[in-house]
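Here is the structure we will look at.
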Amino acid sequence: MQKMNRDVLLEMEQEEEDDEDGDIELENIDQMMVSSFGTLENQHDCPSPEFEDFNGKPDSLFFNDGHRRIDFVLVYEDESRKKETNKKGSNEKQKKKRQAYESNLINDGLQLEATRSVLDDKLVFVKVHAPWEVLCTYAEIMHIKLPLKPNDLKTRASAFSNFNWFTKVLQVDESIIKPEQEFFTAPFEKNRMNDFYIRDKDTFFNPATRSRIVYFILSRIKYQVRENVKKFGINKLVSSGIYKAAFPLHDCNFSCPSEDFNCPNERYLLYREWAHPRSIYKKQPLDLIRKYYGEKIGIYFAWLGYYTQMLLLAAVVGVACFLYGYVNQNNCTWSKEVCHPDIGGKIVMCPQCDRLCPFWKLNITCESSKKLCIFDSFGTLVFAVFMGVWVTLFLEFWKRRQAELEYEWDTVELQQEEQPRPEYEAQCTHVVINEITQEEERVPFTTWGKCIRIALCASAVLFWILLIIASVIGIIVYRLSVFIVFSAKLPKNINGTDPIQKYLTPHTATSITASLISFVIIMILNIIYEKVAIMITNFELPRTQTDYENSLTMKMFLFQFVNYYSSCFYIAFFKGKFVGYPGDPVYWLGKYRNEECDPGGCLLELTTQLTIIMGGKAIWNNIQEVLFPWIKNLIGRYGTVSGSEKITPRWEQDYHLQLMGRLGLFYEYLEMIIQFGFVTLFVASFPLAPLLALVNNILEIRVDAWKMTTQYRRMVPEKAQDIGAWQPIMQGIAILAVVTNAMIIAFTSDMIPRLVYYWSFSVPPYGDHPHYTMEGYINNSLSFFNIADYKNRSKGNPYTGLGNHTTCRYRDFRYPPGHPQEYKHNIYYWHVIAAKLAFIIVMEHVIYSVKFFISYAIPDVSKSTKSKIKREKYLTQKLLHENHLKDMTKNMGFLAERIVEAVDNNLRPKLE
């Protein structure tokens with residue numbers, strides 16, 4: 001074994017002498033570690049982990065000596081005990097790589113202890129411990145901020161302190177989860193160690209920070225050099241199967257506290273006060289979440305909780321607008337006319353397709369017109385304006401809340417701390433001159449190479465977006481085709497004895513089936529594109545993890561935007577808009593006649609589409625997030641334990657939990673941002689969307705909490721300053737939402753034509769009524785068509801059950817047959833178009849003006865937070881300066897004493 005390791009290290013030595021390829025950042029780290037541990041080349045022994053038996057303590061978080069804390073666990077399958085014999089050569093190679101890697105970990109100062117599995121003797125758990133010297137060295141390399149002294153700044157009393165008796169019920173019990181002590185912090189430096197607040201070396205670095213440091217080391221340790229390419233990092237070893245898993249430990253069981261009295265039981269507390277269903281009404285313990293899982297997960301739950309709180313106001317207003325429409329639906333004059341047997345029952349509508357579609361009576365849309373009155377009301381207009389203001393308030397107040405969290409969680413200057421990704425470092429082969437420092441540095445590709453990569457990535461993303469558009473066109477063709485079938489098969493008259501006939505119209509049947517098929521296609525394309533987007537981003541090679549996630553975020557959201565919203569945009573802004581008239585219809589692809597909307601417009605169909613996609617997505621995601629991990633863990637437990645009642649250690653219990661990948665949180669964000677788009681972009685058609693989102697998010701917070709505390713291994717804690725690229729994406733959605741809602745009210749709903757009729761065409765000179773009214777609106781909004789004017793007489797009257805008619809009606813504003821300008825748009829049409837354009841301009845300008853004023857009036861960082869940041873920075877600098885002066889004074893005093901002693905020694909012989 002020692003010979004093997006020396007061979008691997010010798011190969012590394014030869015590689016490091018060759019400057020053609022290498023990792024400049026890794027070499028720098030190695031050089032910084034020389035003084036403490038020496039480089040790999042100076043090691044003549046090849047150490048390996050010590051094997052120890054399980055000591056029978058299932059809750060222990062320490063090596064068998066009970067002193068060294070387990071900071072990370074590596075799991076592998078012992079090749080010598082595998083049953084496969086045909087892969088002996090491959091197993092031997094894997095074993096050599098693993099042994100070289102573990103030797104290099106020990107040579108870099110980490111301490112390892114191996115223990116065989118209690119349940120499966122093929123599995124070996126390698127426990128990793130970082131001693132004090134290693135933690136200090138890498139804390140300085142990673143610029144980790146650590147406590148200098150307790151924070152004695154007084155916190156300002158809350159404006160709602162008078163309501164403590166009410167909010168206390170919602171707060172986490174401080175006797176159970178105690179508030180964290182505040183500290184002034186500064187980036188750690190070994191040569192100024194005395195300045196830091198070190199009371200106990202074992203607790204100075206908390207478990208999350210220790211795991212983060214160890215993971216940093218594990219990601220950068222080399223294990224093989226082949227063909228001038230260095231292979232390194234635990235991620236590569238896990239993905240290639242050399243290790244089965246690598247993870248930090250949970251501190252205890254989630255269902256009961258640890259038997260170790262020194263264990264903080266943070267996992268148990270999180271489950272009890274955060275993830276358990278009985279805590280659904282309580283606020284989240286964000287500080288404990290951040291302490292246990294890291295700032296990145298903490299900021300996600302802080303954002304999700306704040307978004308959910310703001311949805312409460314939107315849901316209340318949305319429900320009020322819905323109830324307004326529901327209460328007033330019986331006063332909807334135009335709906336009464338549709339349902340009236342002497343009005344809607346006598347209006348014969350023109351066929352909506354060629355050959356198979358019959359003439360039909362208007363009153364078969366009676367039930368859909370009643371439902372449309374609920375959503376297409378004045379309350380919808382008020383709600384659309386309100387949501388334009390609400391989304392601005394949410395984004396501005398979130399920025400303030402985010403700034404507070406940056407201060408409280410010490411992430412104000414995080415960008416200066418973040419290290420390059422090891423995958424990026426591995427490709428740094430090109431030498432360039434830094435424009436700022438004028439020194440040489442290494443980058444993975446030249447400017448020309450970067451341009452080529454960006455062009456290839458953009459082309460791949462564009463290809464997939466075009467693929468989605470092709471699928472949307474396929475759905476449209478389905479709609480056009482199946483509408484003909486439903487029109488021929490479904491009943492043409494209302495039969496009072498069959499309640500299904502009231503609702504199952506050709507339009508409704510087509511809309512529901514098309515929405516369901518669209519949802520299935522959306523989910524299938526999602527699964528495929530997720531893998532493609534990751535491949536594209538890996539090829540792009542971003543420098544830091546934040547850059548990587550931001551790049552992936554933009555690709556995935558652009559795809560999801562087109563995937564989820566394209567069908568809604570089609571129904572809202574294209575369906576029924578370019579159909580011509582019965583004598584001269586417009587055809588898709590020269591074959592399929594364009595779809596028409598119901599006489600009341602496409603708003604109800606848009607509502608149906610939103611309900612199915614939004615509801616179906618929420619149900620599917622919850623099934624995925626709850627059932628799948630639970631079933632996998634259940635199968636894993638039964639398959640591994642096989643009925644055994646043996647006591648298993650903490651690391652083995654955690655190994656059998658599910659892995660939440662590094663992009664697990666990314667998908668949680670993506671799910672919520674897509675929902676945010678539904679809530680804002682199309683809210684004018686569905687005022688209940690915020691209520692559905694509110695209910696889903698209340699459950700989502702607890703489901704995610706339950707999943708992380710009970711079903712998943714503990715994630716490696718990561719730093720995060722904000723929610724990343726999701727912030728500008730939400731701002732873009734907020735701007736677009738104003739336009740889409742204004743256009744939905746103007747072009748998708750029938751509100752503007754009704755208002756034009758009420759104020760202009762119901763009274764002279766255009767109308768016959770003596771006062772403003774909605775009576776006669778249906779008759780006025782439907783144009784006449786002479787059946788004899790069909791271009792193809794075979795389309796004359798395919799369905800004769802309604803008798804012989806010479807004319808039929810269709811939804812448009814055109815002159816009747818016999819008029820000098822027959823079938824041309826009439827004066828009513830131009831009035832409506834002018835009113836729609838005026839409405840869009842006025843609504844957009846009013847809401848954008850209010851949004852701009854709110855954005856200007858509400859600063860991103862509150863005055864108190866700015867003062868705290870400045871005050872802490874000042875006190876930190878003062879503290880470091882004072883300590884430095886004390887050290888200098890002490891050293892100068894010591895030096896002065898030595899000089900005085902030397903002078904005295906020189907003068908004393910002369911005096912004598």
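- With sequence neighbours left out, Glu273 forms a salt bridge (Lys or Arg N to Asp or Glu O under 4.0 Å) with Lys282.
- Partners of Arg267 under the salt bridge (Lys or Arg N to Asp or Glu O under 4.0 Å) rule, at least two apart in sequence or in another chain, do not exist in this structure.
- No cation-pi contact links Arg714 to Tyr712, judged by a cut-off of 6.0 Å to the six-membered ring centre and 45° from its axis.
- Side-chain atoms of Tyr292 and His250 include a donor-acceptor pair closer than 3.5 Å.
- In terms of modelled atom types and a separation under 3.5 Å, the side chain of Asp547 and the main chain of Pro542 share no donor-acceptor contact.
- For the pair Phe72/Ile234, no side-chain contact is recorded, criterion being any heavy-atom separation below 4.5 Å from C-beta on.
- Lys291 meets the salt bridge (Lys or Arg N to Asp or Glu O under 4.0 Å) test with Glu180, Glu266; sequence neighbours excluded.
- Side-chain atoms of Arg199 do not come within 3.5 Å of backbone N or O of Phe204 as any donor-acceptor pair.
- Residues meeting the salt bridge (Lys or Arg N to Asp or Glu O under 4.0 Å) test with Glu404, sequence neighbours left out: Arg401.
- Judged purely by atom type and a 3.5 angstrom limit, Gln721 uses its side chain to pair as donor or acceptor with the backbone of Thr411.
- A donor-acceptor pair under 3.5 Å is formed between the side chain of Asn550 and the backbone N or O of Ala725.
- Closest heavy-atom contact between Leu694 and Leu311: N-CD1, 3.9 Å.
- For residues 295-320, the pairs satisfying salt bridge (Lys or Arg N to Asp or Glu O under 4.0 Å) are Arg290-Glu295, Glu295-Lys719, Lys296-Glu549, Lys296-Glu718, with sequence neighbours left out.
- Partners of Glu182 by side chain to side chain contact (heavy atoms under 4.5 Å, CB included), not counting sequence neighbours, listed by chain and number: Asn151.
- Among residues two or more places apart in sequence or in another chain, the side chain to side chain contact (heavy atoms under 4.5 Å, CB included) test is passed with Thr710 by Phe254, Tyr271, Trp706.
- For the atom pair Ile735 CD1 and Ile847 CD1, the distance stands at 13.0 Å (nearest 0.5 Å).
- Counting only N and O atoms by type, the side chains of Thr865 and Ser862 include a donor and acceptor under 3.5 Å apart.
- When the side chain to side chain donor-acceptor pair (under 3.5 Å) test is applied to Trp303, no partner is found at least two apart in sequence or on another chain.
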For residues 850-861, dump all side-chain donor-acceptor pairs below 3.5 Å to protein atoms at least two apart in sequence or in another chain.
unit_1, atom_1, unit_2, atom_2, d
Lys851, NZ, Thr392, OG1, 2.7
Ser855, OG, Glu396, OE2, 3.4
Ser855, OG, Lys851, O, 2.9

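- Nearest heavy-atom pair, Ile299 versus Gln402, reported as atom, atom and distance to 0.1 Å: CD1-CG, 4.5 Å.
- Side-chain contact of Asn235 with Tyr215: a donor-acceptor pair under 3.5 Å is present, judged by distance alone.
- Scored by the side chain to side chain contact (heavy atoms under 4.5 Å, CB included) test, Ala314 finds Phe386, Met387, Trp390, Pro690 as partners (sequence neighbours excluded).
- Between Asp722 and Gln727 there is no side-chain heavy-atom pair separated by less than 4.5 Å.
- Arg650 meets the side chain to side chain donor-acceptor pair (under 3.5 Å) test with Gln653, Asp654; sequence neighbours excluded.
- Side-chain atoms of Phe205 and Ile144, non-hydrogen and from C-beta on, never get closer than 4.5 Å to each other.
- The minimum heavy-atom distance between Phe561 and Leu681, with the atom names listed, is CE1-CD1, 3.9 Å.
- For Tyr565 (side chain) and Phe682 (main-chain N/O), no donor-acceptor pair under 3.5 Å exists by modelled atom type.
- Proximity of a side-chain donor or acceptor of Ser849 to a complementary backbone N or O of His845 within less than 3.5 Å is detected.
- Residues Asn538 and Tyr548 bring a donor and an acceptor atom of their side chains to less than 3.5 Å of each other.
- Atom CG in Leu269 sits 11.5 Å away from atom OG1 in Thr709 (nearest 0.5 Å).
- Summarising the geometry of Leu148 relative to Ala186, their closest heavy-atom pair is CD1-CB, 3.6 Å, with the distance given to 0.1 Å.
- No hydrogens or angles considered: a donor-acceptor pair under 3.5 Å links the side chains of Thr185 and Asp410.
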Go through Gln711 and Gln658 one step at a time and tell me if the side-chain contact (heavy atoms from CB on, under 4.5 Å) criterion holds.
CA-CA 6 Å; Gln711 303 301 307; Gln658 293 300 304; 5.6 Å; no
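- Between Gly305 and Ile701, the shortest heavy-atom distance links the atoms CA-CD1, 4.0 Å.
- Under a 3.5 Å cut-off, the side chain of Asn741 and the backbone N or O of Ala684 do form a donor-acceptor pair.
- Side-chain atoms of Val134 and Ile217, non-hydrogen and from C-beta on, do get closer than 4.5 Å to each other.
- Between Tyr669 and Trp726, the angle of the ring planes stays under 30°, which puts this pair in the parallel group of the 30/60° scheme.
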Run the numbers on Val389 and Phe394 for side-chain contact (heavy atoms from CB on, under 4.5 Å), then give the verdict.
CA-CA 9 Å; Val389 177; Phe394 163 61; over 6 Å; no
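- A donor-acceptor contact closer than 3.5 angstrom is absent between the side chains of Asp251 and Tyr268.
- For an aromatic pair to be called close, the ring centres must be under 6.0 Å apart, and Phe184 with Tyr197 fails this.
- If you take CG on Leu670 and CZ on Phe676, they are separated by 14.0 Å, rounding to the nearest 0.5 Å.
- Counting heavy atoms from C-beta on, the side chains of Val679 and Tyr307 come closer than 4.5 Å.
- Taking CZ of Arg210 as the reference point, atom CD1 of Ile70 lies at 11.0 Å (rounded to 0.5 Å).
- Residues Ser867 and Lys863 have side chains that never bring a donor and an acceptor to within less than 3.5 angstrom of each other.
- Residue pairs meeting the salt bridge (Lys or Arg N to Asp or Glu O under 4.0 Å) criterion with at least one member in residues 687-702: none, sequence neighbours excluded.
- Residues Asn265 and Ser258 approach most closely at OD1-N, 2.7 Å, considering heavy atoms.
- Ser279 has its side chain out of reach of Arg272: every pair of non-hydrogen atoms, C-beta onward, lies at least 4.5 Å apart.
- In this structure a side-chain-to-backbone donor-acceptor pair under 3.5 Å is present from Asn622 to Ala618.
- Using a 4.5 Å heavy-atom cutoff, the side chains of Phe301 and Met708 are in contact.
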Mind running ring-ring contact (aromatic ring centres under 6.0 Å, His included) on Phe686 and Phe678 for me, showing each step along the way?
CA-CA 9 Å; Phe686 192 35; Phe678 281 123; over 10 Å; no
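- Taken to the nearest 0.5 Å, the CG atom of Leu146 stands 10.5 Å off from the CE atom of Met193.
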Take Asp704 and Glu671 through the test side-chain contact (heavy atoms from CB on, under 4.5 Å) and record every step on the way to the result.
CA-CA 12 Å; Asp704 287 347; Glu671 176 188 346; 5.8 Å; no
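- The shortest distance between side-chain heavy atoms of Phe196 and Lys149 does not fall below 4.5 Å.
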